[in-house]
Chemist: 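Could you have a look at this structure, given as structure tokens, before my questions?
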Amino acid sequence: MEKHRVLIMRCEEYDPDRICAVVKTGMEELGVRPSGKILLKPNVVIAHPEIFPHAFTRKEFLDGVIAATKAMSEDVEELAVGERSGITISTRFNFKNAGYPAVIKRHGVKVYYFDETPQVAVPLKGKARLRNQVFVPKPVADCDFLINLPKFKAHPWCRLTLSLKNYIGIQDDRHRLVDHNSFLEHKIADLQEVVDSKFIAIDAIVAGQKMMLTPTPFPLGAIVMGTNSCAVDTVGCHMVHVDPTELIHLRLAAERGYGPMDLEQIEVSGDFPLEEVREKTKDFQFCLERIDEYFGKDSNLSCTVGAFPESHSPDYCWGGCPGALQEAMHIFRGFYPDVDRSMKKIRYVVGKVEGPLDLEEGERVIFAGSCTSWEGEIDGEHVKIEGSYRTSSEVDETRTRSNDMLLKHTIALWHCLKNRSSRYIHVKGCPVSVAENVDYLSAFGKIKNPNFEPRLVISANIAYWQMQFGRLWNRVGNM
Ligand code: SF4
């Protein structure tokens, strides 16, 4: 059987000309000739030059790849860049902060903000699929040649985000959080059936460690390229000493036949030998710790973790509320480094918990998530938190609720206001998102809410209304 090829190339600097030359070489070696409707999908989950500088595929990378694609493509019908950012902030806002508009304008390529485009249902037929259909933006369903441009990052829910995981960013807010719980890895595998990545180039020039929104930089000096997501992710795992079988979405995708996860089936070449990369990444850091172990004694946030409903993951929910809490706390730490000590005491309770909580004086409780249940006494009052979790097959992907940014914040802040004098609150949702965690932690912990930070509030809201207008415009245009 012919081996899949993956190239690891040296690239120390964010120099668009150098990146273009490297990617062009990669395309030539791999026999890649983009054509038809070409869609470039970077990872811009969030972007800000000061607050989130290492979370996204850099503009110089996009610049170099567009130039290489133009040089190598033939019979081009359309060349476009498309993405849906995370935590409900409009993609326009993040593209602007990432410096994308100037690159897009200079190259004269089209842009698709997936939060503004129509969404279409794509039926799935794979044997081990989680769902029978998934919703994706029309430009994704229509494209002939997807070029996947992930950022090389560690991930607190999945260990690593590379080529396969970058597909979470094709879904809009309504559908993105469906199965974003202990089924997250299955969801990622489902999304692979929608469209193949015909070429993958990972921005590993400066990789991200630990978190996905607020990673710490790791100068890796590499661009990783290939034509099969599983093969590329397998090599990515080995680059940072991860056993590919521990990257669950990779294992599921490989089991469904999307590609290999065994290095024996992959030919690794390029000018940056894998062993040399591994030598460099001996101290690459991850964050795959449970929240009840993560926040130490110095933090005023402590967590009680119970049991979870799904038999494939009864001890922990890696794709849901716990990871969202970690990301939310790291956002706070980015704005207010002393937040762990300056916040009021909070106990975060998630899962089915039994027995007393042994709360400290003044400690307030956030019961997070629809699966969470507990019964006991708080301040002499009998409290019963009831779970209302629904498994994947009970959640209808055609009847999802809006995850609109303003609506979400308004509901969360109103909920907090109504419970301002209560010792506890139950936040429902599966998952409780990062954005919601920020709002509830802010209100209950008496921490300033970063959503109202002057550096963000005006530009994020302008971009939000531009997004709403763009969505309306596209809807009218498609009537
Ligand atoms: S409510 Fe949260 S913790 Fe519970 S299953 Fe859903 S995502 Fe996981």
Side-chain angles (χ1 to χ4, degrees), residues 86-88 130-131 155-159 161 165 168 171 173-191 211-213 248-249 252 287-295 301-330 346-354 357 365-375 384-397 399-401 403 408 411-412 415 424-441 444:
I87 64 169
T88 66
L130 180 64
R131 292 194 171 270
H155 198 287
W157 284 310
C158 303
R159 195 176 291 266
T161 169
K165 171 73 176 61
I168 288 292
Q171 283 204 302
D173 296 341
R174 250 184 202 283
H175 304 100
R176 194 183 190 116
L177 293 185
V178 174
D179 304 319
H180 207 306
N181 45 34
S182 61
F183 287 106
L184 176 61
E185 313 269 9
H186 305 73
K187 177 187 175 88
I188 295 168
D190 266 12
L191 287 169
M211 309 307 288
M212 62 137 178
L213 298 177
I248 297 167
H249 56 263
L252 295 175
C287 169
L288 210 67
E289 287 169 61
R290 292 167 52 109
I291 53 171
D292 42 351
E293 291 155 10
Y294 189 66
F295 300 100
L301 175 66
S302 62
C303 302
T304 301
V305 176
F308 295 89
E310 296 297 341
S311 57
H312 67 269
S313 186
D315 300 331
Y316 202 67
C317 178
W318 283 107
C321 308
L325 172 75
Q326 281 170 317
E327 289 287 357
M329 276 304 286
H330 277 267
I346 290 183
R347 179 74 62 86
Y348 193 89
V349 179
V350 64
K352 184 181 178 189
V353 173
E354 282 166 1
L357 294 176
V365 189
I366 298 175
F367 293 99
S370 297
C371 75
T372 294
S373 61
W374 180 78
E375 190 166 1
K384 187 172 183 183
I385 303 294
E386 291 189 84
S388 54
Y389 174 80
R390 290 178 300 154
T391 192
S392 182
S393 57
E394 296 170 298
V395 176
D396 182 351
E397 71 276 4
R399 297 165 66 101
T400 51
R401 64 174 187 162
N403 274 313
K408 232 173 164 170
I411 291 171
H415 191 201
Y424 66 91
I425 194 165
H426 185 194
V427 187
K428 293 186 180 170
C430 183
V432 176
S433 67
V434 176
E436 288 167 318
N437 271 291
V438 166
D439 285 332
Y440 285 97
L441 286 169
F444 260 52

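Here the structure is a predicted model, which is why all the values come from computation and not from measurement. Whatever order the structure lists them in is the order used to number ligands and atoms, beginning at 1.
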Chemist: Is there a donor-acceptor contact under 3.5 Å from the side chain of E310 to the main chain of F183?
Modeler: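 No.
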Chemist: Tell me, please, if C430 has any N/O/S atom, main chain or side chain, under 2.8 Å from atom 2 (Fe) of ligand 1?
Modeler: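 False for C430.
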Chemist: Find all atoms of ligand 1 within a distance of less than 4.0 Å from any non-hydrogen atom belonging to G320, and give their numbers and elements.
Modeler: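 Matching atoms, with element in brackets: 7 (S).
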Chemist: Can you find a side-chain donor-acceptor pair between T304 and R347 that sits under 3.5 Å?
Modeler: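 Side chains of T304 and R347: pair found under 3.5 Å.
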Chemist: If we check side chain to side chain contact (heavy atoms under 4.5 Å, CB included) with V427, which of these qualifies: N437, I366, D439, T372?
Modeler: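 Single side chain to side chain contact (heavy atoms under 4.5 Å, CB included) partner of V427 among N437, I366, D439, T372: I366.
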Chemist: Using heavy atoms and a 4.0 Å limit, tell me yes or no: is S370 in contact with ligand 1?
Modeler: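 The answer is yes, since S370 has a heavy atom less than 4.0 Å from ligand 1.
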Chemist: What atoms of ligand 1 come within less than 4.0 Å of a heavy atom belonging to G369?
Modeler: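 Selected atoms, number and element: 1 (S).
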Chemist: Confirm or rule out an N/O/S atom of C317, from backbone or side chain, lying less than 2.8 Å from atom 8 (Fe) of ligand 1.
Modeler: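 Within the cut-off used here (under 2.8 Å), C317 does place an N, O or S atom near atom 8 (Fe) of ligand 1.
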Chemist: So which heavy atom in the protein is nearest atom 4 (Fe) of ligand 1, and how far is it from that ligand atom?
Modeler: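 Looking only at protein heavy atoms, the one closest to atom 4 (Fe) of ligand 1 is C371 SG, 2.3 Å.
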Chemist: Return the closest protein heavy atom for atom 5 (S) of ligand 1 as residue, atom name and distance.
Modeler: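 The answer is Y389 CE1, 3.7 Å.
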Chemist: Could you tell me whether the side chains of N181 and Y389 share a donor-acceptor contact shorter than 3.5 Å?
Modeler: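 On atom types as modelled, these side chains do not qualify, holding no pair under 3.5 Å.
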Chemist: Could you establish whether G429 and ligand 1 come within less than 4.0 Å of each other, counting only heavy atoms on the residue side?
Modeler: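 Distance cut 4.0 Å: G429 passes for ligand 1.
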Chemist: Is the side chain of R131 donor-acceptor paired with the backbone N or O of S392 at a distance under 3.5 Å, no angle test?
Modeler: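 Side chain of R131 to backbone of S392: a pair is present.
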Chemist: How long is the span from the CD1 atom in I168 to the NE2 atom in H155, to the nearest 0.5 Å?
Modeler: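 Spacing of CD1 (I168) from NE2 (H155) equals 8.5 Å.
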Chemist: Angle between ring planes, F308 versus Y316, binned at 30° and 60°: parallel, tilted or perpendicular?
Modeler: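 Taking Y316 first and then F308, their aromatic rings stand perpendicular (interplane angle over 60°).
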Chemist: Quick check on contacts: which atoms of ligand 1 are under 4.0 angstrom from a heavy atom of V350?
Modeler: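 Once the distances to V350 are compared, the set is 3 (S).
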Chemist: In the protein, what heavy atom is nearest to atom 2 (Fe) of ligand 1, and what distance, to one decimal place, separates them?
Modeler: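 For atom 2 (Fe) of ligand 1, the nearest protein heavy atom is C321 SG, 2.2 Å.
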